[in-house]
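The structure appears right after this line, and notes come after that.
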Amino acid sequence: MPVLLLFPNSSYGQIFGRCLDAQTGQPVSGAKIVYESTTIAQSRSTGKFSISKDSSVFVFVLHNQYKAQQKRLLPGKENIILLTPYAEAIDEITISAPLLNTQKKRVPAGFSLILEDSIQPNLSAIDVIEQSPGVVMQKGALNTGRIIIRGIGSRSPYATTRIRAYLDEIPLTSGDGNTTVEDLEMNNISRTEIVRGPASALYGSGLGGVIVFHPDHTQQAPFSAKATLQAGPFDQSKVLINTGLRQNNSVMKVNASDTRTTGFRENSDYNRQNAQLMFRQHFGNHSLFFLSNFINLRAEIPSSLNLETYRNAPEKAASNWLEVEGFEKYQKWLSGLTLQSDFSENISNKLSLFFNHTDAYESRPFNILDDKMLSFGARDEFSLSLEKISITAGAEIFRESYQWELIETINGNEGDRFADNEEQRNFINIFGKADLDLVPGWQVSAGANWHFLSFELTDQFSDDEDLSGSYSYDPVLSPRIGFTGEITPNTTLFASVGHGFSAPSVEETLLPEGSINSNLEPEEGINYDLGFRGSLFNERLRYDLTAYYVSLENLLVTKRETEEIFYGINAGKTRHYGLETTLNADITESVAPVYVNFALSHTYMENQFREFIDDGTDYSDNQLPGIPNHFFRSSLKVNLPESTRLQMDYKYSGFMFLDDANTKEYSGHQLIDIKAAKKIFSDKNFQINLQGGINNLLDKHHASMVVVNAPSFGGRAPRYYYPGAPRNAFLRLQIEFKQ
């Protein structure tokens with residue numbers, strides 16, 4: 001392997017540097033520094049390496065999980081090498097989600113790592129999240145979604161609850177447990193990490209699981225610029241500009257996008273602007289990372305439909321929402337600052353600060369909601385790595401102020417204000433985890449989280465009724481233990497058992513008469529995982545099989561008095577069990593002229609009431625509604641000569657009930673999408689790519705989201721269905737420049 005030797009100007013002493021994952025900034029150990037076909041150094045656990053040379057050299061940096069890189073190393077300064085992971089080495093990639101920090105194959109839990117797909121349209125997070133087994137994301141519109149993991153989260157009417165999400169270290173979950181991911185610009189996400197099932201011993205209050213989105217930090221060139229233009233049906237347009245700068249040990253990336261569509265339904269205009277600034281500075285034993293994300297959204301709301309309208313006129317909006325031209329709009333800032341410090345080979349610390357602000361307004365048929373949210377907090381993780389044991393401990397502090405007013409609506413216009421409230425939401429997580437190497441290839445992991453939660457409601461509206469009150473939950477201790485073991489060099493066995501919980505939101509604790517239900521308890525569950533992951537046929541076939549069982553108590557059920565008035569009650573116990581399967585096969589060699597890859601994820605799940613009596617009716621042993629019993633997704637990718645790529649995706653969502661009585665049902669649906677990409681021009685600094693595709697190729701009529709136990713008021717038929725889009729196509733042009 002030829003390596004160029006530069007003429008030295010002078011002697012500067014020893015060459016030293018660090019190898020880091022370009023996407024996450026985490027240290028990369030085991031990277032070989034190769035000079036004149038000889039390995040002269042190898043990175044340690046902190047990513048550091050040193051070479052006894054006093055002149056600048058060109059070397060190759062090699063690692064079986066990362067793309068090879070040629071790098072000029074200079075003496076007398078720290079050399080930062082940013083390595084981009086291979087998609088094929090996904091099982092070996094080090095996970096950077098909080099408190100994991102281990103290779104994917106050694107994670108003792110149901111876990112998915114999803115890398116970016118270069119030819120996805122990515123108007124919505126659903127294209128990414130649903131690649132994980134055990135996860136279903138129903139999408140009523142581009143601004144309305146509900147994520148369900150292992151059957152948990154299905155009781156939320158129109159949003160995602162019981163699941164925590166982060167943008168790097170910035171929480172996307174509000175203090176009342178609501179999570180919004182639909183407004184993220186997914187073209188900027190390089191990898192998504194999903195922990196399935198109760199994992200409170202690692203993350204706090206997230207009974208269903210945890211999702212971590214990592215923005216693309218990769219920046220190899222001193223300067224790069226990329227423009228994406230996308231067009232499609234329903235007046236769809238998208239413009240995305242990405243720029244990146246790198247100078248020595250500093251990386252800065254700035255991007256902005258504009259997404260618009262009128263939608264295929266009435267009253268479904270969607271207009272979103274995203275902007276993001278990322279900055280990373282490496283100095284000495286420290287890395288400083290700053291991320292700021294801005295979202296400006298205005299989206300109309302068509303709402304759900306009754307069965308007759310869904311079947312015969314799915315393009316219609318719900319009449320009451322259409323009459324007032326219902327919509328939501330908001331501006332949102334998400335900002336975070338993280339300092340990673342490596343004090344020695346064995347001791348490190350990560351301190352993160354975050355600050356989020358949302359200013360929102362929603363016009364609805366029954367009232368207008370004007371609300372503002374301000375949250376801030378800090379998280380610190382201290383890690384100690386010894387020869388056979390690694391220990392991580394720390395704490396997370398979160399405080400949120402939520403102000404909301406309710407205003408009378410008169411044909412969509414503001415009338416009198418009739419409610420003015422302020423909520424203070426606070427929690428503290430204290431956590432710890434230890435990983436012990438028992439024998440080579442076998443590891444046990446044990447951890448716990450201690451959660452303190454309180455909230456206070458202040459009624460600021462001047463009337464005779466005062467809703468003010470405060471409440472603190474008893475501290476919740478959530479232990480977790482798991483192990484992994486290498487049965488063969490290519491097969492890993494894992495198992496775990498852990499406690500999880502999710503606290504009710506303030507809205508769920510408010511009874512119709514306005515008082516706080518102090519007897520409402522958090523949902524709590526015990527999760528059991530047992531699985532295998534590994535590879536066969538010289539790593540041409542990679543697999544992950546996970547069997548799980550979740551026993552849940554104090555199920556929170558939404559009770560409705562009217563369309564706009566609802567509250568929560570603890571209504572019994574449920575059981576959730578199933579099998580999650582992931583397969584990824586290289587049909588041909590990755591270096592073959594025609595490379596063919598096939599991937600699939602399948603979920604079989606049963607979600608049942610163990611004990612549930614509601615208004616005197618016994619629903620015990622019934623299926624939980626709103627959750628398909630089978631969910632299947634497969635992808636066939638073909639890379640052809642001359643930078644041409646083809647892809648076909650198949651999605652199957654199975655049968656599900658729509659109500660607790662199991663009398664209403666949805667039969668499920670099948671969808672096929674096709675995509676293609678072609679590099680039409682390329683030279684050293686400039687390239688042009690053309691991409692396109694057809695979604696719902698066979699034009700299948702289907703429901704993209706359902707409303708569980710849809711209410712019926714005033715003699716009107718219940719509205720269970722959000723219709724999915726008919727056949728539609730997109731075309732995308734990408735222009736990229738590197739200097």
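Position 1 is the first residue of the sequence, and the numbers go up from there.
Relative to the ring axis of Phe494, Arg533 places its NZ or CZ within 45° and under 6.0 Å from the centre. Note that Arg150 lies in the cation-pi zone of Tyr548, set by a 6.0 Å cut-off to the ring centre and a 45° limit from the axis.
Between the side chain of Thr588 and the main chain of Ala592, no donor-acceptor pair closer than 3.5 Å is present. Listed for the Ser43 side chain is a donor-acceptor partner under 3.5 Å among the backbone atoms of Ala31. Of the possible polar contacts, none joining the Ser112 side chain to the Ser132 backbone as a donor-acceptor pair under 3.5 Å is found. In this structure, Asn79 contributes its side chain and Phe16 its backbone to a donor-acceptor pair below 3.5 Å. Side-chain atoms of Thr574 do not come within 3.5 Å of backbone N or O of Gln608 as any donor-acceptor pair. Under the 3.5 Å distance criterion, the side-chain polar atoms of Thr38 are left unmatched by any main-chain donor or acceptor of Ile40. In this structure a side-chain-to-backbone donor-acceptor pair under 3.5 Å is present from Glu130 to Met137. Remark: side-chain polar atoms of Thr173 are paired, donor with acceptor, to backbone N or O of Ala165 under 3.5 angstrom. Not one N or O on the side chain of Glu606 forms a donor-acceptor pair closer than 3.5 Å with the backbone of Asn629. Under a 3.5 Å cut-off, the side chain of His63 and the backbone N or O of Ser29 do form a donor-acceptor pair.
Annotation: Phe427 is in aromatic contact with His451 [ring centroid separation under 6.0 Å].
Side chains of Asn285 and Asp342: no donor on one and acceptor on the other come within 3.5 Å. Side chains of Asn554 and Glu523: no donor on one and acceptor on the other come within 3.5 Å. No side-chain N or O of Ser344 forms a donor-acceptor pair with one of Asn346 less than 3.5 Å apart. No donor-acceptor contact under 3.5 angstrom links the side chains of His286 and Gln340, judged on distance only. For Thr546 and Asp529, the side-chain atoms include no donor-acceptor pair closer than 3.5 Å.
A side-chain contact (heavy atoms from CB on, under 4.5 Å) with Ile147 holds for exactly one of Val181, Ile194, Thr161; it is Val181.
Partners of Thr484 under the side-chain hydrogen bond (donor to acceptor under 3.5 Å, both in side chains) rule, at least two apart in sequence or in another chain, do not exist in this structure. Annotation: side-chain hydrogen bond (donor to acceptor under 3.5 Å, both in side chains) contacts of Thr488 (sequence neighbours excluded): Thr491.
The minimum heavy-atom distance between Asp21 and Pro85, with the atom names listed, is OD1-CD, 4.1 Å. When every heavy atom of Thr338 is checked against every heavy atom of Ser352, the shortest pair comes out as OG1-OG, 3.0 Å. Heavy-atom minimum distance, Ser250 versus Phe279: CB-CE1, 4.4 Å. Closest approach of Leu334 and Asn356 over heavy atoms only: CA-OD1, 3.4 Å. The two residues Ile80 and Lys71 have their closest heavy-atom pair at O-NZ, 3.6 Å.
Taking a 6.0 Å sphere around CH2 of Trp450, one finds it holds 12 or fewer heavy atoms contributed by other residues, nucleotides or ligands. For NZ of Lys32, the number of neighbouring non-hydrogen atoms (other residues, nucleotides, ligands) closer than 6.0 Å is 12 at most.
Using a 4.5 Å heavy-atom cutoff, the side chains of Gln69 and Gln220 are in contact. The closest side-chain heavy-atom distance from Ser287 to Arg18 is below 4.5 Å. Residues Met605 and Glu580 have side chains not in contact (no heavy-atom distance under 4.5 Å, counting atoms from C-beta outward). Side-chain atoms of Cys19 and Val61, non-hydrogen and from C-beta on, do get closer than 4.5 Å to each other. A 4.5 Å side-chain heavy-atom check between Val128 and Met186 finds at least one atom pair inside the cut-off. Looking only at side-chain heavy atoms (C-beta outward), Ser50 and Lys48 stay at 4.5 Å or farther from each other. In this structure, the side chains of Asn249 and Glu78 come closer than 4.5 Å at one or more pairs of heavy atoms. With a 4.5 Å cut-off on side-chain heavy atoms, Val596 and Asp586 do not count as touching.
Salt bridge status for Arg44 with Glu345: present, with a side-chain N to carboxylate O gap under 4.0 Å. With salt bridges taken as basic N to acidic carboxylate O contacts below 4.0 Å, none links Asp435 and Lys388. Salt-bridge annotation for Arg191 and Asp216: absent, with no side-chain N of the basic residue lying under 4.0 Å from a carboxylate O of the acidic one.
Ring geometry for Phe632 versus His602: interplanar angle of 30 to 60°, hence tilted.
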